[in-house]
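Working notes, structure below.
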Amino acid sequence: MAPQSWYLIVSALLFGLGIVGFVTRRNSLVMFMSVELMLNAANLVFVAAARDHVPARGSACALFVIAVAASEVAVGLALVLALFRLKKSVDSDAVRELRA
Amino acid sequence: MNDPLLVLLIGGPLAAALLLALLPGLRPEPARLLTLLVTLATFAASLPLLATDAGGGMTHGFDAPWIAEFGIRFSLGVDGIAAPLVVLTTLLMPLVVLASYGHVHDRVRQYGVLLLAMEAGMIGVFAAQDLVLFYVFFEMSLVPLYLLIGVYGGARRTYAALKFFLFTVAGSLPLLLAILWLVQRAGSADLAVLKQLPLAPGEQGWLFAAFAAAFCVKVPLVPLHTWLPDAHVEAPTGGSVILAGVTLKMGTYGLLRFCLPLFPDASVRHAPLLLALAVIGILYGALLAWAQKDLKKIIAYSSVSHLGFVVLGLFAVQTTAASGAVLQMVNHGLSTGALFLLIGMIYERAHTRQLADFGGLARTMPRFAVCLVLATLSSIGVPGLNGFVGEFLILIGTWRDHPVAAGCASVGVLLGAIYMLGLVKGLLFGPIVHPKTATWRDLNSRELLLLAPLFALMFAIGFAPKALLDRIEPPVQRMLEAPRLVQERR
Amino acid sequence: MTALLAAGIAVTTALAAPPAAAEPAWLMLIKVLVAFGITMTIVPLLVLAERRVSAWMQYRVGPNRVGIGGSLQPMADLVKMLFKEELRPDGVPPFLFGAAPAIAAICSLSMMAVVPFGGTLELDGRSIPLVVADADIGVLAVLALSSIGVYGITLGGWASNSKYSLLGGLRSSAQMISYELSLGIALLGVLVVSGSFESGSFRLSEIIRFQAESGAWNVLRLPLGFALFTIAVFAETNRLPFDLPEAEPELVGGYHTEYSSMRFGLFFLGEYAAMVAGSSVIVCLFLGGWHCPWLATEAVVGPGGALVQVAVFLAKVLAFLFFFIHVRWTLPRLRYDQLMKFGWTWLLPLSLLNLLWAGAHAALGWF
Amino acid sequence: MLSERTAFLIFSVIALIGAVNVITRRHPVHAALWLVGTFLGVAGLFLTLGAGLLGAIQVMVYAGAIMVLFLFVILLLNLDAPPDEGLSFARGASLLAAVATLALIALPLARAPELRAAATPESPVADASAGQVANVLFTRYALPFEVVSLLLLIAMVGAIHLARRPRRDETV
Amino acid sequence: MSTVGALLLGLPLAAATLIGILHRRLSTRTAGTLAFAMAATCFGLAVAAFTHLRGLPEDARHVAATFWSFLELGRGDAALTLDVGVWLDPLSVTWALFITGVGSLIFLYSISYMEHEAGGARYFACLCLFLFSMLTLVLGKNLFLTFLGWEGVGLCSYLLIGFEYGKETAAQAGRKAFLVNRIGDVGFLLGMFWTWKLFGTLEHGELTPKLAAGLAAGIALPPLLALCYFVGACGKSAQLPLFVWLPDAMAGPTPVSALIHAATMVTAGIYLLCRLSSLFVAADWALDVVAFTGAATALFAGLIALRQRDIKRVLAYSTVSQLGYMFLACGLGAFASSAFHVVTHAFFKALLFLGSGAVIHALHGEQDLWKMGGLKHHLPKTAFAMRIGAFALAGIAPFAGFFSKDEILGVAFARAYAGDPACWVLWGAGVLTAALTAFYSARMITLCFDGSSRLDAHSHPHEAPAPMAIPLNVLAVLSLVGGIGLGFEALHWLPLHHWLAPTLAPLDLPPLPGALLWGLMTLAFLIAVLFWRIGAKWYSGDCEPARAAELTFPRFAGALAGRFFVDEIYGALIVRPLRFLAALALQFDVRVVDGAARGLGQFAALVGTGVRIVQNGTVQRYAFWMVAGAIALLWLALG
């Protein structure tokens, strides 16, 4: 059984990579993917931490996170689609102007 | 012993305003008629306020709990100082409505709503015996006037209305802080309680500064006066009359009712500063009035000068001077009110307010000439009319302790004559300038009816001020008790 | 070359999937090989059977030249597959082009890991459950692998760098996803009914044991569930009447038009393996797996009993496969929008209804 | 059977490499596929942690549904690799992100010494099998469960409405 | 007695308001007769009051009557009680007498004078109002009412001077008169405040005895207090610094000039000085200031009068000069003799003004002396009356002017003789002015009536109608009799000094020896006659204006004609800088004070633009800040 800290380290790395992806990449889809990465890292922490207490709860929480992530992606991608239809590109810099 | 009269005086116009607001279908004429009737009824109802005299104490008291936990009560009451001002307000209102027949033709109903709401607010200000209630009415009376100037005003009305609003609100913020501090310390917002509250000199200093800031903007005292000319020039005639007639008095009333009794040490300590500002106000205002080209601006700056006298009277901490100041408040309301009404009438005909455009009106409009000369004489303080009595009392009272200030102020009387007679000569005498002078018809009976009460009161106060002064003096005496003691010790 | 690599990976994933089983490594290896071997033998037979049965149904003979009555035809196809030239259109991502068919194949093959061929085999004192990895999540693994399978087809369509195959890939994956939904819910129906098991795990062997003990196969309890599940499996494996994506006239073969030789072979293998796996899952869930009502398989002692169970299980699977092929040549092909409409507006509500029915059944404990 | 530690190592390596590639790959489809790899890696980690149900669901939902959705969008929009994409907004952001990850790792360890304790005892305390998770899910977290279901419904409706191609009589 | 006082004040006010309200419907004639009737009754009442006071014993010769209490304020020493009432004492009754007397004559005169003027009713309303104010001033019970009258009179002069408001000059002159008066009024006001502060009362009844007691006890009062009142007096009686308004006031109709700028209003200053005589004496060097200003004004005005072309301006400057004489008398402590000169001056100056009015009336508005000449043939009666008035003005023996002027010179000589060297200068100035007066009055009479006729062709002057002639004749008689009747000790009929003594401060001056006295009188008489002869001869015959001009000192002539450019100097020194200051204040107000308020607004907008840069729409930027924020929070939480 690998010690819990290892899991935390891996999830921290995953989360860090997620942040890098989210902050640096201009393509909105890749940004979405980075968000998924971060969510996964969070799930990992949930389950890893729960293992020493009540494992089931960790999974339950992770389940909720997955559900939320799924709905987030659904709506997010719908928005990207609508955005693409408007701007002909998914580059997040394309939607820079604050006025209509 | 709750006497419902004051609640009626405030509630009546407010209810009427609400009613008018909720009747969009009402045609202009009946709406204006309703406004007139309500204002007349309020005036009639307000007369007994003057009649009863409780030796300086509070009459027509009405007291009900409002916000219990902070000790804030809905308490109203009127004494010798407030009664004349309330009656002045209720008197000017019907005149303003009558005047509006001449120049307000569209959105008449809303005009009525604003006037009635303003009247309620102003009576509330003068009748409030609770500090927080006073502040509420103080702000409430501000909004209708802002709208009045903003909607019915002249060319740059939005700028002027906003400037007026910002000046007053900025002034009243420190007031709010001070009130909250006081109420929190004293546990109650009632004036009587607050008077006995022992305040440390330092604390009293900044509280006085906060109160004075709000009221000096309203007076307006010199450095804070730049909103007045703009507000007057852009306001409709009715707005100007109310603005000059009553709104400015709220500032001086506040100084007398709150600053002097609640913070005696600070008032006496700051008295020289305020006296200096008052004298500057008188001379500076007069000079500016002389340099103006626009009729309304001349009268506006004359108001700055006249109210400089009132502040002078208040802070000389002398019963004679203070009574004179209160009397002068009423006088200024009458004379400047009349002047603004007259200028309004001329503006209705000539649609220009530049002095240079006029000349030789006396020949074509004799009645107007007589009225204007009368109003001017009252304004510059010619004996036999009300203006002189007020100024005389203020100056004679101030001379006792501050001869130099009184000396300089009396020069203001001279300057006053200069610019006012300049105005009269420009308008009435000399050759005819405006091509269409002949076409303007003289004052009709409505307009004369409008001015009659004002002139009647001017002569009445001019010849027999005793009736009014006896009503004013005791409460003033009571207000100045604390500062007088401090003055004596010094 | 990549194909072989892909096959190897398939085996390791099957191994890794169910780590919970604490058996010695070599026994696990033997089981995998046995399961892999059974599948690999059934698939060519299936291909041959399909062509013979369809021919029989259409009053024609079918392949009978190679071997006795065409029995060696699959060998011939295999040889053809291996030695044909591997074409690859230009502008195509090489790795993905090769990986796509492998993914499809891997997923289908790995599904067999979870399927219990028989009961337990007592051999020199060691009782060996006749299943590669009786994973706690059993049935869920099937679902998971089937959803991974979608990738094979989507990537296949995309990697071949042509509009038609892209559209074909998209349509087929859309179809599979839609029907995966009703597949899952129908599966739930079964679990709810056979939910009397205590530890709440999804093991297929326990479902079979439940059917054996209760004496009635699930198909009798959930006839609607059975029908829905089979339709969904048909859709999952892109079999007629749902094999629209590659057969569409304007799409010309759908996602595997650009594929040739062994890559096409892998796709082909994947498809048929999916059929085998699908039918075996159906058999386990609804037709009592290796259980045979009147033949008390447990009574027969020794290896013979297990073999009988495996035989019964294989018989059922072959029968079902026959049914697969039979349907292919009887029902017409559905148009794409009808297909999607049927999937969402008919199948989904019915499966919810079935779930309701199963819930009521479990709660009231009919039988 | 493989020891759990090695499984942990393999899967975490898969996950991390996948993650790195997700953010470095210029072509969105490649990024998406690497993401699938990461998801499978993480699913494996779940399995090593004994959360079998979660692993399956992770595969089924994340890898199976969400990534397919991503692929769908990428393919539908027919996106190709933008020319100079790569790691734009370079130095500042990545530096910051690096600091962030370090902070996330270093700080908890520095602060919570017990985390650095030796490996916990070998025997798995209790597996988070489907049954136990179900028990917890429908008793303790019943309300969140209902709320999430509602959320999913809303998300579905929202997504459909947003992504719907406007009919001729509608304007966007 | 109080009813007499009430009526004295009430009647003019009632008349004024009545005519004022009905002035549309009243013709000039009816309004005039009504006003004259009112004035006559007032004169009757004044006489009644006079006889009543004569009946009272010497020391209790005053009657007080209050009508209603004006106001009561304050308590203890700061108490201020003012009430409206009447205070009749020898001083006020004397003034009332000649005001109402001369006033009613002028009312009668102006009925016919204003016959064909437009707005005659308004004119008479103002005149009645003027009479009311003048009587309030004189009969007022306290200084407050005196001040009320004081300003009221100023107001009426403003209205009457600007009667023909169409003419720019009239409007301008009216305004100027009111403003200059106002300057004086401010002085009076300050004096009043100071008096109330020192004595706590403004009632004449209480103030005069207090002042007298103070004087007797030798308590010195601050000279500035007296000077405040003196400034007021100067403003009203047109003394040196503030006399500019009087000559311009001639723009008004002639009867107005006669009434206001000769007989009544200008004497108010003297009345004030006499009323507060003990205050002035107690304020040590205040009286010297009064004396010197008086002398200077007399001399200065006399010089200017020499070269005036307009007949009314000559008279105006002569009035200023004679007032200088009165102030000189007060300055020397001889309040009674100055009062005597006031009375006599009222008679002959009113006569001269009315006469000139008749002349102008006859010549249809022509006022330039150089366009008259030889009028004695056309207007014999007016010429005769004017000649008597001129003799009185010049101070020729039997006429009134001689006695009052001589008395003042006598007092000046006596004081100098008694050892006050400064008084020699005063006496010298007095004599010189007397000479000048004789010269210009002769000039006026000869230019106007004698000499060759310089009338333009088509004007044919006719004698003044009856209502204008009667006042002329009455005044002529008074100018003749006045001097002897009132002043001459010997007759004891109505010695003014004796009559006014109780109310005025006593004059401590050793009487001159008899011989010296008579010598002085003859000297004065000789000077007057001599200079009259020179003047008459100089301007008789057909002298052309040019010859006449260069005859006098040429260089000097410009200054005289231009009235020493006093108006221009005032304009430059006071009006222009004040106007510049006003413009400066306006700019300051708009730029600085208003600017500060607007500046505050712009500052807020500036801050706004600063903050806007942070929000620029790129998602990355937001993400970056979000993460940075998260780290910071983390650091805080765990740090």
Side-chain angles (χ1 to χ4, degrees), chain C residues 12-13 15-25 27-28 91 93 95-96 99-100 103 107 114 133 135-151 153-155 157-159 163 166-167 169-171 173-174 176-177 180-181 184 191 195 197-203, chain D residues 1-4 6-8 10-11 14 25 27-30 32-33 36-37 39-40 43-44 46-76 78-81 124 127-135 137-138:
Chain C
T12 46
T13 43
L15 265 176
E23 280 159 345
L27 178 60
M28 178 65 78
F95 172 71
L96 279 183
I103 295 172
C107 294
V114 185
D136 161 44
I137 47 174
V139 176
L140 264 188
V142 169
L143 268 182
L145 288 169
S146 74
S147 61
I148 296 292
V150 169
Y151 279 103
I153 292 159
T154 325
L155 288 182
W158 178 70
K163 280 187 285 302
L166 173 65
L167 276 179
L170 280 182
R171 285 195 176 185
S173 46
M176 286 175 69
I177 288 178
E180 195 180 302
L181 202 58
L191 289 176
F197 47 80
E198 63 301 332
S199 69
S201 68
F202 294 83
R203 283 187 178 75
Chain D
M1 190 40 195
L2 299 167
S3 80
E4 195 191 317
T6 50
F8 163 79
I10 296 168
F11 285 126
I14 294 173
R25 277 283 154 272
H27 198 298
V29 171
H30 297 174
L33 290 180
V36 169
F39 286 155
L40 295 184
F46 284 151
L47 290 182
T48 54
L49 282 165
L53 172 73
L54 200 60
I57 289 181
Q58 161 90 352
V59 167
M60 199 165 68
V61 172
Y62 258 122
I66 294 181
M67 277 331 293
V68 167
L69 210 56
F70 260 103
L71 270 181
F72 255 46
V73 169
I74 295 171
L75 299 185
L76 266 180
N78 197 358
L79 299 177
D80 50 9
D127 258 356
S129 75
Q132 280 139 0
V133 170
N135 285 345
L137 202 57
F138 293 107

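Naming: A, B, ... by sequence-line order, numbering from 1 per chain.
- Residues C/V150 and C/E180 are in side-chain contact: their nearest non-hydrogen atoms beyond the backbone lie under 4.5 Å apart.
- In this structure, no portion of C/L145 lies under 4.5 Å from any heavy atom of chain D.
- The two residues D/M60 and C/S147 make their nearest non-hydrogen contact at CA-OG, 4.0 Å.
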(Q) Applying side-chain contact (heavy atoms from CB on, under 4.5 Å) to D/L54 and D/V133, what does each step give before you reach the verdict? (A) CA-CA 9 Å; D/L54 200 60; D/V133 170; over 6 Å; no
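- Looking at D/V61, neither its backbone nor its side chain comes within 4.5 Å of chain C, counting heavy atoms on both sides.
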**Q.** From CA spacing to verdict: side-chain contact (heavy atoms from CB on, under 4.5 Å), D/L75, D/V29
**A.** CA-CA 8 Å; D/L75 299 185; D/V29 171; 4.3 Å; yes
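- Taking all atoms of both residues into account, the shortest heavy-atom contact from D/M67 to D/A32 is CE-O, 3.6 Å.
- Across D/I57, D/V68, D/V36, the residue that shares the most heavy-atom pairs under 4.5 angstrom with chain C is D/V68.
- Proximity to chain C (any heavy atom under 4.5 Å) is shown, for D/A134, by neither the backbone nor the side chain.
- Using a 4.5 Å cut-off between heavy atoms, C/F95 makes no contact with chain D at all.
- Interface remark: of the candidates C/I148, C/L170, C/I177, C/L170 forms the most heavy-atom pairs closer than 4.5 Å to chain D.
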